[in-house]
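The structure appears below as structure tokens.
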Protein chains: 2
Amino acid sequence: MELNQVSYFINLAETLNFTAAARLSGVSQPSLTRAIRRLEDELGGPLIYRDGKNSRLTGLGHDVEAEFRRMVVAMKSVRNHSEHWAMGGHRVLDVAVAPTVGPKEFTAFFESALAEMPSIEIKLHSLQSNEDTSEVLSGKYHACIMPRETRPERKLDVHPLFRERFVLGCSANHPLAANEIVRGEDLLEFPFVDRLKCEFRDRILDHFARRDLLMRPRFRSDREDWVQRVVADGHAICILPERSPTVQGLVTRPIDGFVLEREVVIATVSGSTATVEIRNIAQLAARYEWN
Amino acid sequence: MELNQVSYFINLAETLNFTAAARLSGVSQPSLTRAIRRLEDELGGPLIYRDGKNSRLTGLGHDVEAEFRRMVVAMKSVRNHSEHWAMGGHRVLDVAVAPTVGPKEFTAFFESALAEMPSIEIKLHSLQSNEDTSEVLSGKYHACIMPRETRPERKLDVHPLFRERFVLGCSANHPLAANEIVRGEDLLEFPFVDRLKCEFRDRILDHFARRDLLMRPRFRSDREDWVQRVVADGHAICILPERSPTVQGLVTRPIDGFVLEREVVIATVSGSTATVEIRNIAQLAARYEWN
DNA sequence: TGGAAACTATACGCGCAGCGTATTGGATAA
DNA sequence: TTATCCAATACGCTGCGCGTATAGTTTCCA
């Protein structure tokens with residue numbers, strides 16, 4: 001199957017006339033006829049009843065037309081996207097943020113950045129679970145805000161922003177919330193929610209596994225707010241960074257003997273590849289008072 | 001653009017390795033390399049950032065991959081018209097939720113579903129911005145919870161769950177929060193945040209444009225929590241569904257003369273292609289008291 | 001640190017897929 | 001009948017995309 005066959009057939013379905021469809025498609029009538037014939041051979045059945053001026057699409061023909069139209073729509077979208085990216089005035093800074101990094105500390109920073117650089121817009125993206133700093137190198141994003149990666153990347157400028165611990169999250173009415181500090185082994189008594197999007201998920205699970213604390217979650221999600229709603233409703237508990245945005249009804253407690261920490265950084269392409277705007281925002285972030 | 005380029009690129013996007021993608025595609029490595037190069041020439045920009053084992057798709061590459069996948073889906077529907085493959089009995093139900101649909105109403109439902117069907121696990125996914133109900137048909141998800149799409153899809157069972165209006169979101173201290181109902185033209189005086197992930201974004205902007213209310217956001221994001229933090233801090237206002245999960249400090253107000261509404265539905269594959277578990281959860285959802 | 005391995009790009013020649021021109025065969029209308 | 005419209009066939013040609021071979025880089029590993 002070829003793409004020209006697709007457009008040929010759509011034109012044929014519209015005109016129900018091989019000659020006219022050929023003219024529409026910008027090819028000779030025999031070419032179009034042969035292309036349709038090949039299509040029919042490949043699909044194993046006729047697409048159109050040939051009957052002079054009373055030609056009609058077959059049942060299969062109708063279904064094929066519908067699917068072909070979808071393909072054409074997708075193809076046009078591809079062209080739209082390419083124009084969008086080609087023309088893309090890079091006045092817009094695409095900034096990606098790791099899912100577990102919350103807005104709390106950043107809104108004020110972005111306010112000041114917008115104030116200092118009046119000519120730019122900031123477009124915030126959520127970093128998907130399969131993405132990392134390489135997306136900056138590939139040009140998908142101009143900057144990345146995320147926990148520091150273990151392996152350093154030479155081609156990136158990485159500015160540290162602040163550090164934070166991991167803590168227990170539970171409902172305000174939860175028994176564990178009664179104490180200011182929680183003991184690690186007490187967590188076992190309660191169902192646990194798995195935050196799939198957490199970059200430290202493996203290290204957290206590992207941390208407990210090493211103490212023979214096996215946590216077996218039945219509910220897992222990559223949607224932070226869903227996880228938190230389950231927790232806030234008292235159905236389960238979870239582990240999350242202390243500065244994470246939390247829904248109403250969810251409280252956090254430090255865990256005794258649990259020392260996992262992370263550093264949040266901003267990563268941009270280094271050196272001359274970066275535009276002025278990108279370098280500016282990286283510098284602003286590095287100089288900012290994150291307290 | 002040719003169809004072999006489409007499948008070549010999809011294989012490349014999966015492997016991020018020209019040699020492996022060529023083997024997958026059943027052609028030689030130079031052929032695939034040239035095909036991708038032609039594609040990039042045609043689209044006017046790079047699709048993949050070439051860096052040995054750290055190769056990554058560019059932004060354009062990601063967009064193109066998504067559209068190409070739709071084309072492949074359409075092509076497969078053409079071929080598999082008469083035959084549908086039976087899905088294996090899944091014990092894990094993959095449920096995708098649109099980003100703007102919040103957990104508030106659903107945690108209790110999933111609790112009851114888990115109680116009624118003890119043999120299953122539920123795995124919740126966030127529906128990406130480039131995905132829609134076709135991901136259900138393709139088998140990636142077993143069910144989709146999302147606003148009703150304008151164009152109906154025959155092959156899907158779509159059960160309505162509840163309806164909700166769009167309302168204003170602003171800080172509790174915001175001047176607009178003083179009144180129980182807000183007038184549309186008053187919104188103009190305040191900076192506006194663009195919720196990129198909102199399926200109704202275009203309709204909302206259109207709604208205001210038609211009344212000569214031009215909203216010019218300088219801050220846009222697909223991270224719901226970030227948008228809400230900006231709003232809760234009083235830096236801006238936004239439009240959001242009334243049942244959306246909201247962060248602390250953000251309040252909602254109905255807007256006078258603003259009648260945009262959406263219906264949240266659950267979509268599953270229809271008929272015999274669906275397993276018992278899928279049909280069960282769709283029925284449970286349809287029968288549930290969403291009030 | 002140097003050599004092997006992995007990976008992508010270029011060079012070059014070839015085969016055939018699909019094209020156009022010309023033509024035939026059938027159906028329909030006047 | 002003749003004129004007209006339409007699809008299919010015949011046939012030669014061109015170019016596109018393919019494979020083989022190889023060069024140019026980067027990464028890996030000892």
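Below, each value reflects all heavy atoms present in this structure, side chains not excepted, and no hydrogens, waters or symmetry copies.
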[X] has an atom [atom1]; how far is it from atom [atom2] of [N], in whole Å?
X: B:F18; N: D:dC18; atom1: CZ; atom2: C1'; value: 17 Å
X: B:L16; N: C:dA6; atom1: CG; atom2: P; value: 18 Å
X: B:R50; N: C:dT10; atom1: CZ; atom2: P; value: 10 Å
X: A:R37; N: C:dA17; atom1: CZ; atom2: C1'; value: 17 Å
X: A:L3; N: D:dC16; atom1: CG; atom2: C1'; value: 15 Å
X: A:R23; N: D:dC5; atom1: CZ; atom2: P; value: 11 Å
X: B:I36; N: D:dC18; atom1: CD1; atom2: C1'; value: 15 Å
X: B:L32; N: D:dG19; atom1: CG; atom2: P; value: 10 Å

According to a strict under-4.0 Å criterion, is [X] in side-chain N/O contact with OP1 or OP2 of [N]?
X: B:Y8; N: D:dC18; answer: yes
X: A:N17; N: D:dA7; answer: yes
X: B:N4; N: D:dC18; answer: yes

Can you confirm whether B:N11 sits close enough to B:R23 that some side-chain heavy atom of one is under 4.5 Å from a side-chain heavy atom of the other?
no
Of the nucleotides [options], which one has an atom closest to the side chain of [X]?
X: B:R34; options: D:dA7, C:dC19, D:dC18; result: D:dC18
X: A:T33; options: D:dA7, C:dT10, C:dA9; result: D:dA7
X: B:R38; options: D:dA8, D:dC18, C:dC19; result: D:dC18

For the residue pair B:Q5 and B:F68, what are the closest heavy atoms and their distance?
O-CE2, 4.4 Å
Is the closest basic N to carboxylate O distance between A:R69 and A:E65 below 4.0 Å?
yes
Any Lys/Arg nitrogen of B:E42 or A:R79 sitting under 4.0 Å from an Asp/Glu carboxylate oxygen of the other?
yes
Among A:L161, A:V264, A:V265, which residue satisfies the side chain to side chain contact (heavy atoms under 4.5 Å, CB included) criterion with A:R148?
A:V265
Sequence-aligned protein contact record of nucleotides 23-30 of chain C, with B where the base is within under 4.0 Å of a protein heavy atom and S where only the sugar-phosphate is:
--------
Between A:F109 and A:I281, does a side-chain contact (heavy atoms from CB on, under 4.5 Å) hold up when you go through it step by step?
CA-CA 10 Å; A:F109 165 66; A:I281 203 153; 4.3 Å; yes
Using a 4.0 Å heavy-atom cut-off across all strands, classify A:T19 as base, sugar-phosphate, or nothing.
sugar-phosphate
Do side-chain atoms of B:E40 reach the backbone of B:L47 as a donor and acceptor pair under 3.5 angstrom?
yes
Position toward the 5' end of DNA chain C (nearest nucleotide), A:A35 or B:L12
B:L12
